[in-house]
Amino acid sequence: MDVTELLDQLNDAQREAVCAPSCNQLILAGAGSGKTRVLVHRIAWLMQVEHVAPYQIMAVTFTNKAAREMRERLTRLVGENYGANFGRGLWVGTFHGIAHRLLKSHWQEAGLLQNFQILDSEDQLRVIKRVYQELQLDDKKWPHRQAQYFINEQKDEGKRAQHLADSHDLYLATMKRVYVAYEQACERGGLVDFAELLLRSHELWLKKPDLLEHYQRRFNYILVDEFQDTNAVQYAWLRVLAGQSSYVTAVGDDDQSIYGWRGARIENIHHFSHDFSDTTTTRLEQNYRSTGTILAAANAVIANNTGRLGKKLWTSGKDGELIDLYTAFNEQDEARHIVDRIKTWVERGGNLKNTAILYRSNAQSRVLEEALFRENIAYRIYGGLRFYERLEIKNTLAYLRLIQNRNDDSGFERVVNTPTRGIGAKTTEALREIARDQGCSLYQASLHIIANKGLTVRATGALNGFLNLIDELDKEAEELSLGDLVDLVVKKSGLYEFHQNEKGERGQARVENLQELVNACRQYEHEDEELSPLEEFLDAAALDAGERQADEYEDAVQMMTLHSAKGLEFPLVFLAGVEENLFPHRMSADDPEKLEEERRLCYVGITRAMEKLILTHAESRRLYGEEKYNGISRFVREIPKDLVQEVRIKSSIARPTQFSNKNNFAFNENADEDFGELQLGQFVAHNKFGEGVILQFEGRGSSARVQVKFNSGGTKWLVLQYAKLQVLC
DNA sequence: TCATTATAGCGCTGT
DNA sequence: GCTATAATGA
């Protein structure tokens, strides 16, 4: 490719970053400012102009999706010049993926078992539960989750159990005990959790200077995306790897740091220019995504945060439409309104896939989903239960892991009696005891107990059946392709049949998921010659969050949390549930720092929108099984008034102003049924708001509602079905 | 030992 | 409201 062509598509600031002489670089890139483009072009520049070899470059991202996208764009830009070998030397991956790769190559030096397993957070919790039993700790006093959170927090900070000072504080002392025992359990079982991947590979380098030197010499250029999301270990890892001779390009946006709860340190971006010598800083502030109105709103909201590096997005484009704000009666009404707006959008020629509904927490998705489903609008939900975290999938993977490694205790425990085959709590308890005494795995304990006739005839038969099943599958594994093997595992283990017999839609969905897993395995491309396809697949499954690409091309409404929306953009965006206690979340309301993170989340949400942004909130919402009346989010108030227009319902039924004569309801024959004995001017009582007077009627059937002016001052629309108004005389 | 039912506990974000 | 455990009966 021609160099001019490489630079033509860039603005001045972008070009400055792309063509910078070799140095450490900090690129502060606002939302929609072409961050990925700069990264990709920078790599292309290094390769084609500076003649840096691909194997000297490492590009690090946070999600698999981002890594995939970068690789694709890079291939498109320079791939043809390098041919099929293009992907070989260049490392593009997530922090976790790269750390995993290193540990796989140097398991011995890292002090791991060769076939170590990656724990996802559910697996991790299981291990912690086992540890609790061992230590005889009360999970009521010290919840499992708290221990999990504690351990991960320590690891994210680079701290091992041994680094923790002994404390007289009972909580800290207990957590330390759990941490110590947890480390031992992982050590024994060859288990590695997410945080461990990073911590372990960091330690590997400190422990083996010659290994470090090898990689330092190799990777002269390291580029990191979403730098504001790095945690302490990742930052340290990076510094060590870069050493004195490599150049680091850090791209990030302090205003989009939304993973503080996961250990991300916004300070890393502040410290960068101190810690990496001769850093040049570039700001990308021109936005190519959103309208002027949307940007003005985003800028106004984020301006309320303190300690920012400072950045103001601007666009040369049009102001565009105002931001809509819809106040719904309840969450049902909110969903209805969103669906209506989507229908209008489509009628005017819009695509479903160009619209996104964003929300703070996954729990909000259900009502929205139902409303879309009722209207036959295709939708796709991101996140939530991930594919590889589903029960039936994890069970299948457990079988596969056992095939690969009999001593995988977590897999053993998971499926020894799934589907049920007569190996109950009593038998497994016996196995566990032997395993503990002998310091062996549950599989070996099984062999042991059978040899010593330590079980009833029935239990022995059942256990033998299970062991034979695994052996048989293993034997078959040599002959079969990965896809066929998984197919066989699913059928022979009885999982398939088990879920088929499960009643209801749930079983159906699970069967489909199993089929999908088989499909995924059939299509899985084996890359690394040193690993078996099964081995490679299992590792990939553990690291892959399971964002499937195929569906991206499907024309469907995109639904996701604000967190998973980062990095994406859509012409039409709904921000649902902009209410206090929900967004900002009530867990964050008291802590100024957490509140600022919520605000950044809001900033992320607003800047996803390209053309039109619609905010919705509900006056009353069923949350955790309770009716809540949350006020409108403070973030909405932070948007200048002149950028927002309130939309009232585009009523399908004209709103009658006179109710003196009930015959006015020509278009609403069931009005009597719907509104019963309620009349205009009727005094009513509500158990939360107290007494008031009815001002207006609207809707029918389940959406029949009345506007009430309460003596306490406020005026509210109430859905009759939920409000349970008492008629006063 | 299994399957059903009752109860308690817990709520966010996710590599 | 949901899930994960505990208690119950087959």
Side-chain angles (χ1 to χ4, degrees), chain A residues 60-67 93-100 118-122 124-126 129 139-140 143-146 148-149 152 155-156 192-198 226 229-231 233-234 257-264 331 358-367 382-386 388-389 391 417-429 455-456 458-459 462 498 501-503 506 540-547 560-566 577 581-589 594 597-598 600-602 604-605 621-628:
Chain A
V60 193
T61 63
F62 273 81
T63 64
N64 293 298
K65 203 161 133 196
T94 63
F95 272 108
H96 292 90
I98 289 174
H100 173 246
I118 301 170
L119 296 179
D120 68 16
S121 44
E122 195 206 317
Q124 186 183 34
L125 200 61
R126 276 169 181 269
K129 284 179 184 170
D139 66 297
K140 294 216 170 54
H144 295 131
R145 292 213 168 271
Q146 198 170 18
Q148 183 181 28
Y149 186 80
N152 288 336
K155 288 195 179 187
D156 285 342
V192 175
D193 58 49
F194 283 132
E196 183 76 23
L197 285 170
L198 302 167
E226 307 281 18
D229 290 336
T230 50
N231 65 28
V233 174
Q234 288 161 337
S257 164
I258 54 175
Y259 286 108
W261 50 274
R262 212 170 66 191
E331 75 274 17
L358 310 181
Y359 36 81
R360 174 68 231 269
S361 56
N362 281 310
Q364 284 169 257
S365 72
R366 236 195 55 226
V367 177
Y382 287 79
L385 260 138
R386 284 141 192 293
Y388 289 108
E389 275 172 9
L391 180 92
N417 199 32
T418 316
T420 48
R421 49 171 72 86
I423 306 170
K426 228 171 160 184
T427 310
T428 37
E429 194 41 58
L455 290 172
T456 60
R458 221 171 79 167
F498 178 72
N501 294 335
E502 206 178 359
K503 57 185 181 231
R506 192 139 91 192
L543 285 173
D544 196 322
E547 327 112 332
M560 66 195 84
T561 62
L562 286 158
H563 281 90
S564 39
K566 191 162 72 151
N581 296 325
L582 199 64
F583 187 36
H585 197 273
R586 70 185 195 300
M587 307 292 247
S588 307
K594 286 184 182 167
E597 182 152 313
E598 296 278 321
R600 292 193 290 270
L601 196 54
C602 182
V604 167
R621 180 183 296 273
R622 239 184 131 65
L623 213 57
Y624 315 130
E626 235 185 315
E627 204 86 4
K628 301 271 188 194

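Residue numbering restarts at 1 for every chain, and letters A, B, ... go by the order of the sequence lines.
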Q: Could you grab the distance from atom CG of A:Leu197 to atom CD1 of A:Ile98, nearest 0.5 Å is fine?
A: 12.0 Å
(Q) By the 4.0 Å heavy-atom rule, please label A:Thr427 as base, sugar-phosphate, or nothing. (A) sugar-phosphate
Q | Integer-rounded Å distance: B:dG14 P and A:His585 NE2 | A | 12 Å
Q) Looking only at side-chain N and O atoms, does A:Asn417 come under 4.0 Å of OP1 or OP2 in B:dC2? A) yes
Q. Say you pick atom P in B:dT13 and the same atom in C:dA4; how far apart are they, in whole Å?
A. 15 Å
Q | Distance, rounded to the nearest Å, where A:Lys65 contributes NZ and B:dT15 contributes C1' | A | 14 Å
Q) Does B:dT13 have OP1 or OP2 sitting under 4.0 Å from an N or O in the side chain of A:Asn362? A) yes
Q: Using a heavy-atom cut-off of under 4.0 Å over every strand shown, decide if A:Arg458 touches base, sugar-phosphate, or nothing.
A: sugar-phosphate
Q) Does some side-chain heavy atom of A:Val604 sit less than 4.5 Å from a side-chain heavy atom of A:Leu562? A) no
Q) Choosing from B:dC12, B:dC2, B:dT15, which nucleotide comes nearest the side chain of A:Thr420? A) B:dC2
Q) Base, sugar-phosphate alone, or nothing: which one does A:Lys566 contact when heavy atoms must sit under 4.0 Å apart? A) nothing
(Q) Using OP1 and OP2 only, check whether a side-chain N or O of A:Ser361 sits under 4.0 Å from B:dG11. (A) no
Q: Could you tell me the separation between the CZ atom of A:Arg366 and the CD atom of A:Glu331, rounded to the nearest 0.5 Å?
A: 9.5 Å
Q) Hey, are A:Glu597 and A:Lys594 close enough for a salt bridge, meaning a charged N less than 4.0 Å from a carboxylate O? A) no
Q | Nearest-Å distance for atom pair CZ/P, residues A:Phe62 and B:dG14 | A | 15 Å
Q | Per A:Arg145 side chain, nearest of listed nucleotides B:dG11, B:dT15, B:dT13 | A | B:dG11
**Q.** Nearest-Å distance for atom pair CZ/C1', residues A:Phe498 and B:dC2
**A.** 11 Å
Q | Of the listed nucleotides B:dT13, B:dG14, B:dG9, the one nearest the side chain of A:Lys140 | A | B:dG9
(Q) Holding to salt bridge (Lys or Arg N to Asp or Glu O under 4.0 Å), I want the full list of residues that pass it with A:Asp120, two or more places apart in sequence or in another chain. (A) A:Lys394
Q. Quick one: A:Glu122 CD to B:dG14 P, roughly how many Å, whole number?
A. 16 Å
**Q.** DNA chain C: 5'-most and 3'-most nucleotides touching chain A, 4.0 angstrom heavy-atom criterion
**A.** C:dG1 to C:dT5
Q: Quick one: label A:Phe194 by what it contacts on the DNA or RNA (base, sugar-phosphate, nothing), any heavy atom closer than 4.0 Å.
A: base
Q: Answer yes or no as to whether B:dT13 has its base stacked against A:His563, where stacking requires a ring-centre separation under 5.5 angstrom and planes under 30 degrees apart.
A: no
Q) OH of A:Tyr259 versus C1' of B:dT13: gap in Å, rounded? A) 7 Å
Q. Just how far is it from atom CD of A:Gln124 to atom CD of A:Gln148, taken to the nearest 0.5 Å?
A. 4.5 Å
Q. Within the structure, does a side-chain N or O atom of A:Ser121 lie under 4.0 Å from either OP1 or OP2 of B:dT15?
A. no
Q.
Return whichever of A:Thr94 or A:Arg360 has its heavy-atom-nearest nucleotide of DNA chain B closer to the 5' end.
A. A:Arg360
Q: Find the distance A:Glu389:CD to B:dT13:C1' and express it as a whole number of Å.
A: 13 Å
Q) For A:Ile423, which contact category applies under a 4.0 Å heavy-atom criterion: base, sugar-phosphate, or nothing? A) sugar-phosphate
Q: Using a strict cut-off of less than 4.0 Å between a Lys/Arg side-chain nitrogen and an Asp/Glu carboxylate oxygen, indicate whether A:Lys155 and A:Glu196 qualify as a salt bridge.
A: yes
Q.
Please report the distance, rounded to the nearest Å, between CG in A:Asp229 and C1' in B:dT13.
A. 12 Å
**Q.** ring-ring contact (aromatic ring centres under 6.0 Å, His included) partners of A:His563, counting only residues at least two apart
**A.** A:Tyr259, A:Trp261
